[in-house]
Amino acid sequence: MNAPLLERIASPADLKGLGRNELLALARELREYIIDTVSRTGGHLASNLGVVELTLALHRVYDTPEDRIVWDVGHQTYAHKILTGRRERMHTLRQTDGLSGFPKREESVYDTFVAGHSSTSISAALGMAVAARLKGEDRRVVAVIGDGAMTAGMAFEALNNAGATDANLLVILNDNEMSISPNVGALNTYLTRLLSGRFYNAVRRGGERLLSSVPPLHELARRAEEHVKGMVTPGTLFEEFGFNYLGPIDGHDLDVLIETLANIRELKGPQFLHVVTRKGKGYEPAEANPCLYHGVGKFEPNAGLTARPAARPSYTEVFGQWLCDMAEADERLVGVTPAMCEGSGLVEFSRRFPKRYFDVGIAEQHALTFAAGLACEGRKPVVAIYSTFLQRAYDQLIHDVALQKLPVLLAIDRAGLVGADGPTHAGAFDLSFLRCVPNMLIAAPSDENECRRLLTTAYRHDGPSAVRYPRGSGPGALIEPGLEPLPVGRGVVRRTGRKVAILAFGSLVTQALAAAEALDATVADMRFVKPLDTALVRELAEQHELLVTVEENTLKGGAGSAVAEAVADMGLIRPMLHLGLPDRFVEHGDHAVLLARCGLDAAGIEAAIRAILEKILPE
């Protein structure tokens with residue numbers, strides 16, 4: 001790919017000497033490079049195309065990495081990675097042992113904070129700004145937050161705190177949903193240049209000092225400024241938090257961005273800059289359908305994305321169909337999602353049952369307590385949520401749902417390893433943190449049909465419940481129609497063998513069955529983590545010489561721990577082997593490769609069992 005300017009950029013320092021026309025050309029090259037890279041590796045496209053000019057302007061004006069830039073959320077950092085010395089490794093993006101798709105402190109000194117979840121940037125940036133002040137360091141800190149991330153309460157908690165600290169902090173709202181009216185935009189651009197200038201701010205602060213001795217006049221001046229700015233900008237809210245609001249400005253106008261940021265860099269105290277960008281900017285298919293081009297697989301740039309029928313339905317699709325079927329059968333059902341309609345499979349439900357569909361924004365804590373309130377009034381809420389995002393609502397799950405034994409069903413997607421998205425999105429801990437909560441029912445289906453039936457089982461449970469299933473497709477089981485439940489707390493033996501009994505949970509039943517063929521082992525699909533099928537555990541322990549538990553969850557406190565506790569409570573002494581995710585964060589990469597590295601593919605399970613058998617059952 002011909003990119004003469006881009007090849008000259010080894011670090012942000014190389015941007016300082018470029019002229020206006022060179023910067024404009026560099027922006028075009030960056031877009032082309034991002035499109036070319038993502039078409040080969042897959043990844044987040046539309047969001048990254050929307051921040052090209054903003055990224056260039058930030059690294060041109062600020063002295064990174066001495067000045068800190070905190071990105072929120074992390075899937076808009078591809079241009080940042082390219083400009084900070086990682087261009088030649090972009091072909092490894094999200095690949096095994098390659099670059100992360102998100103900021104990663106171990107990867108570069110320019111990545112100041114890990115950001116896989118949203119709405120953390122203002123809190124982290126404020127901490128950095130206060131730390132700089134405590135150390136007597138004159139550095140600038142910038143938080144770049146997407147408009148979707150502003151729906152989370154954490155962002156407003158941070159704004160509230162930041163306004164009270166008077167820290168030297170710039171918060172940039174990357175608003176990629178609002179269109180820009182040319183007339184209003186031109187007026188706002190002029191006002192922002194004026195309001196961000198040192199002369200205006202010197203007069204403003206000097207006036208504050210002068211009028212503070214005459215309180216009525218000071219209050220009159222403050223209100224007058226607030227109302228004048230409020231007539232042309234939506235910044236009153238942020239002013240009330242103690243920020244100096246500036247904008248909105250065109251986030252694709254490099255001249256305006258650079259001049260405005262240069263002015264703001266000289267200001268003291270909390271500043272708030274509202275920047276309007278367009279998702280997918282510069283690539284027509286992504287501009288036309290930014291949702292489709294948010295996260296993509298490999299594609300041909302000139303042809304765009306083409307829909308290919310899947311060989312078998314994904315677990316997400318199985319859930320989506322079940323949700324619609326159950327909603328038809330039970331008018332009490334209500335669907336809730338924290339801003340993950342497409343990812344969690346609720347598109348069809350939202351279309352068919354709009355009055356019973358609630359997208360609460362990126363607000364997982366609110367989602368759980370909102371569902372609890374619905375349940376208090378006789379509704380049957382189903383909360384569709386990724387395992388990694390459920391972590392953010394743990395207090396609400398315990399205090400607001402489980403403590404009151406409310407019938408809230410958690411449909412937990414992306415359980416286990418998630419491949420290219422890596423440790424920020426892995427569902428590695430849900431069995432452990434759910435299992436210790438009283439009143440919970442926890443199920444882990446091994447195939448598509450079992451997923452549908454366990455969802456029905458959990459939905460009909462009189463109390464809080466969770467069904468966790470992995471990303472992608474299952475083994476291809478025939479999905480039976482209807483809404484028949486399964487017996488609560490009952491597993492099933494899938495294969496009968498000798499000496500070794502493998503108690504497999506959820507997604508790893510298929511791998512366990514493959515390993516068992518070579519070992520002539522028994523395999524039980526346990527189905528439930530809580531309540532555990534203790535009768536089946538006892539039966540297997542009494543009839544076999546070794547018990548092996550297998551789960552795609554961290555070993556610490558997971559399903560294997562539940563089996564060990566049950567065996568101990570029975571007063572039985574049996575050799576046991578527990579296989580699961582290791583006590584470390586598993587990096588991104590191909591799911592099958594990662595599973596093998598963790599020893600959780602069929603070959604790894606077989607090898608681990610043979611190794612322990614040689615120790616406890618020598619021939």
Side-chain angles (χ1 to χ4, degrees), residues 70-76 102 113-130 141-165 167 169-178 234-243 245 270-274 334-341 343-344 346 357-376 381 383-404 406 408 410 412 424-425 430 433:
V70 183
W71 295 91
D72 185 343
V73 288
H75 61 229
Q76 57 180 344
F102 303 99
F113 202 77
V114 172
H117 294 181
S118 79
S119 316
T120 59
S121 61
I122 304 175
S123 297
L126 176 60
M128 294 175 187
V130 170
V141 183
V142 182
V144 185
I145 184 167
D147 57 334
M150 288 298 294
T151 63
M154 184 176 178
F156 287 91
E157 292 173 18
L159 286 172
N160 184 58
N161 186 205
T165 61
L169 170 68
L170 168 60
V171 174
I172 297 178
L173 171 59
N174 173 28
D175 182 348
N176 49 29
E177 294 293 340
M178 184 186 296
T236 304
L237 171 65
F238 303 107
E239 294 277 0
E240 290 295 333
F241 275 117
F243 281 77
Y245 173 88
Q271 310 293 323
F272 192 100
L273 176 62
H274 186 170
V334 176
V336 180
T337 180
M340 295 303 297
C341 179
S344 292
L346 275 72
Y357 166 73
F358 297 93
D359 183 343
V360 301
I362 304 177
E364 295 86 0
Q365 294 169 291
H366 166 61
L368 266 290
T369 305
F370 172 62
L374 287 164
C376 284
V383 180
I385 191 167
Y386 287 11
S387 174
T388 184
F389 299 142
L390 178 59
Q391 296 163 185
R392 310 186 85 184
Y394 194 50
D395 176 65
Q396 286 68 30
L397 170 65
I398 294 174
H399 185 275
D400 301 337
V401 177
L403 182 63
Q404 304 183 85
L406 293 171
V408 174
L410 303 175
I412 305 176
T424 60
H425 283 60
D430 54 79
F433 70 69

Next on the checklist: Checking I172 against I145 for the side chain to side chain contact (heavy atoms under 4.5 Å, CB included) test, could you report, in this order, the C-alpha distance in whole Å, the side-chain angles of both residues, the deciding distance, and whether it holds?
Outcome noted: CA-CA 6 Å; I172 297 178; I145 184 167; over 6 Å; no

Checklist entry - Does F243 reach the side chain of V171, with side-chain heavy atoms less than 4.5 Å apart? => result yes

Checklist entry - Heavy-atom distance under 4.5 Å between the side chains of D430 and Q391, does that happen here? => result no

Checklist entry - Are side-chain heavy atoms of R392 and M154 found at a separation under 4.5 Å? => result yes

Checklist entry - Do D175 and H274 have side-chain heavy atoms sitting under 4.5 Å apart? => result yes

Item to check | Any L390 side-chain heavy atom under 4.5 Å of E364 side chain | outcome: no

Item to check | Nearest non-hydrogen partners of A143 and A125, listed with the distance | outcome: CB-CB, 3.8 Å

Next on the checklist: Just so I know, are the side chains of M128 and F113 near enough to count as touching, which here means a heavy-atom distance under 4.5 Å?
Outcome noted: yes

Next on the checklist: Pair F156, F241 - check side chain to side chain contact (heavy atoms under 4.5 Å, CB included), show working.
Outcome noted: CA-CA 9 Å; F156 287 91; F241 275 117; 3.7 Å; yes

Checklist entry - What distance separates H366 NE2 from T151 OG1, expressed to the nearest 0.5 Å? => result 10.0 Å

Checklist entry - For the side chain of Y357 and the backbone of T337, is there at least one donor-acceptor N/O pair under 3.5 Å apart? => result no

Checklist entry - Parallel, tilted or perpendicular: which describes the rings of Y386 and F389, with under 30° parallel and over 60° perpendicular? => result parallel

Checklist entry - Distance-only, no hydrogens or angles: does the Q396 side chain make a donor-acceptor pair with backbone N or O of A367 under 3.5 Å? => result no

Checklist outcome for this item: side chain to side chain contact (heavy atoms under 4.5 Å, CB included) test vs M150 passes for just one of I362, N174, L173, namely L173

Item to check | Check: C341 main-chain N/O paired with S344 side-chain donor or acceptor under 3.5 Å | outcome: no

Checklist entry - Would you say the side chain of V383 lies within less than 4.5 Å of the side chain of V408, judging by non-hydrogen atoms? => result yes

Item to check | Smallest separation among heavy atoms of A372 and V401, with atom names | outcome: CB-CG2, 4.1 Å

Next on the checklist: Filter on side-chain hydrogen bond (donor to acceptor under 3.5 Å, both in side chains), then keep only pairs touching residues 113-128, sequence neighbours left out; what's left?
Outcome noted: D72-S121, H117-T388

Checklist entry - Which heavy atom of L406 sits nearest a heavy atom of A375, and at what distance? => result CB-CB, 4.0 Å

Item to check | Qualifying salt bridge (Lys or Arg N to Asp or Glu O under 4.0 Å) pairs with a residue from residues 114-127, counting only residues at least two apart or across chains | outcome: none

Checklist entry - Can you check whether H425 and F102 have ring centres sitting under 6.0 Å from each other? => result yes

Item to check | H75: ring pair (Phe, Tyr, Trp, His ring centres under 6.0 Å) partners, not counting sequence neighbours | outcome: H44, H294

Checklist entry - Do you see a donor-acceptor pair shorter than 3.5 Å between the side chains of D395 and Q365? => result no

Checklist entry - Is T424 close to V114 at the side-chain level, that is, under 4.5 Å between some pair of heavy atoms? => result yes

Next on the checklist: Quick check for you: to the nearest 0.5 Å, what is the distance between L374 atom CG and T369 atom OG1?
Outcome noted: 11.0 Å

Next on the checklist: Set out, in order, the CA-CA distance, both residues' side-chain angles and the distance that settles side chain to side chain contact (heavy atoms under 4.5 Å, CB included) for L126 and N161, then state yes or no.
Outcome noted: CA-CA 9 Å; L126 176 60; N161 186 205; 3.4 Å; yes

Checklist entry - What's the spacing between F433 CZ and L397 CG if we round to 0.5 Å? => result 7.5 Å

Checklist entry - Knowing that exactly one of V336, V334, D400 qualifies, which makes a side chain to side chain contact (heavy atoms under 4.5 Å, CB included) with F370? => result V336

